[in-house]
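Computed over heavy atoms, backbone and side chain alike; hydrogens, waters and symmetry mates excluded. Keep in mind the model is a prediction, meaning the values are calculated, not measured.
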Amino acid sequence: MFLCIDLDAFFVSVERALNPELNGKPVVVGALPGERGVVASASYEARHFGIKSGMPISQAYKLCPWAIFLRPDFPKYEEFSKRFEEFLYHYSPGVEKASIDEAFVDIRGTERLFGPPLVLAQQIKQKIKEFLRLPCSIGIARTKVIAKIACEQSKPGGLLIVNPEEERKFLFPLSVDVLPGIGPKSLVVLKNLNIHTVEDFFKTPDWILEVALGQGYRTIKSFLNGGDYRLLNTIKSMSHEVTFPEDTNDGELIRSVFYQLIEILCQRLRQNGLATLLCIIKLRFSDFKTVTRRVRLPTSTNSQQRIYKFCLPVLQGMMEENKRIRLIGVALTAFQYDRFQPSIFSLQEERLNRLNQALDKARLKFGFNSVLPAKNLAVKFNTRVHSLITPQG
């Protein structure tokens with residue numbers, strides 16, 4: 001059995017743990033009203049008014065102008081996330097961090113020490129509230145996929161166990177998009193085929209699903225029979241962008257942000273065992289003109305150092321318009337599997353792989369900003385930009 005533990009409204013919950021006067025009030029973590037930026041986290045009181053993560057702050061302010069708006073403090077959040085992970089290791093060595101506020105715990109073999117899964121989950125939930133002062137939701141199931149779905153269905157602050165013999169009863173009434181691999185585009189296709197629930201999906205003939213979704217439908221179907229996330233590879237692209245608090249033509253800052261965006265995406269590539277062949281650069285200028293350039297890489301890679309080297313001349317050319325820049329974004333696509341097998345013909349590539357794997361290990365344990373290359377210093381010392389670009393897991 002697995003537990004999926006998700007810290008509810010994590011950024012807001014950390015702020016409330018440090019300032020209990022925020023409890024029960026609509027709280028939004030992100031940019032401040034009048035600034036550019038988006039909602040990073042919203043309390044459930046704020047969500048009641050329609051505010052959600054990723055929404056522009058200007059829109060959030062219109063929906064609830066009396067909400068309390070706070071700038072994010074990522075070092076604080078990373079510290080709480082580290083405590084959360086360390087706490088879970090008291091119950092099992094099989095802890096897998098999924099993001100800054102979510103983890104899976106393999107509890108097979110722990111029953112003699114901590115009791116049945118439901119008793120253990122209740123204890124963990126109580127202790128997280130007691131020692132970290134954070135609310136959480138927990139799903140319990142035979143696989144991580146079903147535990148994750150159970151966790152989502154129990155939000156906020158719930159606890160839900162799905163025993164193996166009850167999996168179909170639990171899953172079948174749910175909307176089909178609870179299944180990993182069913183994104184917004186796939187959902188539209190399925191709804192056009194009158195496939196609305198998980199039951200509809202599993203009862204639809206395979207040839208129809210293959211026409212609609214391709215061979216990936218087999219993996220999605222396998223989740224009911226014990227399949228897990230390791231079987232899933234539906235990632236087609238990754239992207240990250242940042243809107244500057246003020247339009248800028250500071251070349252050093254722009255290049256520093258560009259490098260950190262690539263770093264964040266390459267870390268995600270390595271975590272998923274992928275490499276990329278194509279980088280897309282996006283700039284939006286102060287007059288709202290938006291330009292994009294595609295850079296085909298000579299070989300597939302997940303090394304930010306190589307991608308930056310090949311893409312920097314293209315970025316420099318885009319900046320020759322000599323306008324202030326409002327937004328910069330990076331997208332990676334054309335993925336291939338990366339087996340991390342060093343080549344005897346590329347000693348430098350092998351060294352980069354080892355360096356980046358060491359960086360990933362340190363950052364996953366101590367936070368992304370625990371190790372920063374010199375190229376990122378311009379971002380680090382610009383606190384407003386730094387708060388917007390820091391990865392959120």
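Counting non-hydrogen atoms of neighbouring residues, nucleotides and ligands closer than 6.0 angstrom, the NZ atom of Lys62 reaches no more than 12 such neighbours. Other residues, nucleotides and ligands place more than 12 heavy atoms under 6.0 Å from the CZ atom of Phe172. The number of heavy atoms from other shown groups lying within 6.0 Å of CH2 (Trp66) is above 12. The neighbour count for Asp206 CG, taken as heavy atoms of other residues, nucleotides or ligands under 6.0 Å away, is above 12. Residue His196 places its NE2 atom among more than 12 non-hydrogen atoms of other residues, nucleotides or ligands, all under 6.0 Å distant.
Transitive grouping of hydrophobic side chains (ILVMFWY, heavy atoms separated by less than 4.5 Å) brings Leu132 and Leu88 into a common cluster. Both Leu261 and Leu253 sit in one connected hydrophobic cluster of ILVMFWY residues. Membership requires side-chain heavy atoms under 4.5 Å apart, directly or through other members. In the hydrophobic cluster analysis, where Ile, Leu, Val, Met, Phe, Trp and Tyr join through side-chain heavy atoms closer than 4.5 angstrom, Leu18 is grouped together with Val29. Tyr44 and Val39 end up in different hydrophobic clusters when Ile, Leu, Val, Met, Phe, Trp and Tyr side chains are linked at under 4.5 Å. Tracing side-chain contacts under 4.5 Å through hydrophobic residues (I, L, V, M, F, W, Y), one reaches Leu171 starting from Leu187; they form part of the same cluster.
Contact record, Val27 with Ala46: O-CB, 3.9 Å, taken as the closest heavy-atom pair. Between Phe201 and Leu179, the closest heavy-atom pair is CD2-CD1, 4.1 Å. Residues Val330 and Ile262 come closest through the heavy atom pair CG1-CG1, 4.1 Å. Looking at every heavy atom in both residues, Ala121 comes nearest to Ile140 through CB-CD1, 3.5 Å. Scanning all heavy atoms of the two residues, the minimum distance from Ala150 to Gly139 falls at CB-CA, 3.9 Å. Nearest approach of Ile124 to Ile138, heavy atoms of both residues: CG2-CD1, 4.4 Å.
How far CG of Leu283 is from CE of Met318: 4.0 Å, rounded to the nearest 0.5 Å. Taken from CG in Leu159 to CG in Leu118, the straight-line distance is 6.0 Å, to the nearest 0.5 Å. Here the CD1 atom belonging to Ile280 is positioned 4.5 Å from the CZ atom belonging to Arg294, to the nearest 0.5 angstrom. One finds the CG atom of Leu3 at 9.0 Å from the CD1 atom of Ile161 (value rounded to the nearest 0.5 Å).
Using a distance-only test at 3.5 Å, with no hydrogens or angles considered, no donor-acceptor pair links the side chain of Asn19 to the main chain of Arg16. Judged by distance alone, the side chain of Arg47 and the main-chain N or O of Ala42 form a donor-acceptor pair under 3.5 Å. Within the 3.5 Å criterion, the main-chain N or O of Asp106 finds a donor-acceptor partner in the side chain of Ser92. Judged by distance alone, with hydrogens and angles left aside, the side-chain atoms of Thr204 form a donor-acceptor pair with the main-chain N or O of Asp200 at under 3.5 Å. No side-chain donor-acceptor contact under 3.5 Å links Ser239 to the backbone of Ala331. Without hydrogens or angle criteria, Ser13 side chain to Ala9 main chain gives a donor-acceptor distance under 3.5 Å. With Lys125 contributing its side chain and Cys136 its backbone, the two residues share a donor-acceptor pair below 3.5 Å. With hydrogens and angles disregarded, a donor-acceptor distance shorter than 3.5 Å links the side chain of Thr110 to the backbone of Ile107. At distances below 3.5 Å, not a single donor-acceptor pair connects side-chain atoms of Asn302 with backbone N or O atoms of Arg270. Under a 3.5 Å cut-off, the side chain of Ser303 and the backbone N or O of Gln305 do not form any donor-acceptor pair.
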Requested in this report: Apply salt bridge (Lys or Arg N to Asp or Glu O under 4.0 Å) to Arg71 and Glu35, showing your working.
Outcome: CA-CA 11 Å; Arg71 284 203 184 100; Glu35 296 179 347; 2.3 Å; yes
From CA spacing to verdict: side chain to side chain donor-acceptor pair (under 3.5 Å), Ser99, Asp101: CA-CA 5 Å; Ser99 66; Asp101 60 352; 2.8 Å; yes
Is there a side chain to side chain contact (heavy atoms under 4.5 Å, CB included) between Phe170 and Gln153 once you walk through the steps?
CA-CA 10 Å; Phe170 165 69; Gln153 295 299 308; 4.0 Å; yes
Discussion item. The test is side chain to side chain contact (heavy atoms under 4.5 Å, CB included); show your working for Ile307 and Leu297 and say whether it passes.
Written reply: CA-CA 7 Å; Ile307 296 175; Leu297 304 170; 4.0 Å; yes
**Report entry** side chain to side chain contact (heavy atoms under 4.5 Å, CB included) between Leu7 and Ile128, intermediate numbers included
**Finding:** CA-CA 9 Å; Leu7 302 173; Ile128 290 175; 4.1 Å; yes
*Step-by-step salt bridge (Lys or Arg N to Asp or Glu O under 4.0 Å) determination, Glu15 to Lys76*: CA-CA 9 Å; Glu15 298 292 346; Lys76 283 194 307 192; 3.3 Å; yes
Before giving the answer on salt bridge (Lys or Arg N to Asp or Glu O under 4.0 Å), spell out for Lys289 and Asp287 the whole-Å C-alpha distance, their side-chain angles and the decisive distance to 0.1 Å. CA-CA 6 Å; Lys289 176 182 177 182; Asp287 59 2; over 6 Å; no
Original post:
Step by step, would you call Ile254 with Asp250 a side chain to side chain contact (heavy atoms under 4.5 Å, CB included)?
Top reply: CA-CA 6 Å; Ile254 294 166; Asp250 183 338; 5.5 Å; no
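Between Cys311 and Phe258 the shortest side-chain heavy-atom distance falls below 4.5 Å. Side-chain contact check for Glu199 versus Lys203: some heavy-atom pair is nearer than 4.5 Å. Residues Phe244 and Ile328 are in side-chain contact: their nearest non-hydrogen atoms beyond the backbone lie under 4.5 Å apart. Contact of the Tyr259 side chain with the Leu312 side chain is not registered, since no non-hydrogen atoms from C-beta on lie closer than 4.5 Å. Side-chain contact between Lys221 and Leu209 is present, with at least one heavy-atom pair separated by less than 4.5 Å. Side-chain contact between Ile57 and Val38: absent, with no pair of heavy atoms (C-beta onward) separated by less than 4.5 Å. Two residues are said to be in side-chain contact when any heavy atoms from C-beta on lie closer than 4.5 Å; Phe11 and Asp73 fail this criterion. Within the 4.5 Å cutoff, no side-chain heavy atoms of Val28 are placed close to those of Ile68.
Pairs engaging residues 165-180 under the salt bridge (Lys or Arg N to Asp or Glu O under 4.0 Å) rule: Arg142-Glu167 [sequence neighbours left out].
Side-chain contact of Arg255 with Gln260: a donor-acceptor pair under 3.5 Å is absent, judged by distance alone. Using modelled atom types, one finds a donor on one side chain and an acceptor on the other under 3.5 Å when comparing Glu45 with Ser43. Judged purely by distance below 3.5 Å, without hydrogens or angles, the side chains of Thr290 and Arg284 pair a donor atom with an acceptor atom.
At a threshold of 4.0 Å, the pair Glu246-Arg326 does not count as salt-bridged, since none of the basic side-chain nitrogens sits closer than that to a carboxylate oxygen. Using a 4.0 Å cut-off between charged side-chain N and carboxylate O, Lys82 and Glu78 make no salt bridge.
Every residue two or more places apart in sequence or in another chain that forms a side chain to side chain contact (heavy atoms under 4.5 Å, CB included) with Ser137 is listed here: Asp8, Cys151, Ser154, Lys155.
The aromatic rings of Phe87 and His90 lie tilted to each other, with the angle between the two planes from 30° to 60°. Ring geometry for Tyr91 against Phe114 counts as tilted: the plane angle lies between 30° and 60°, on a 0 to 90° scale.
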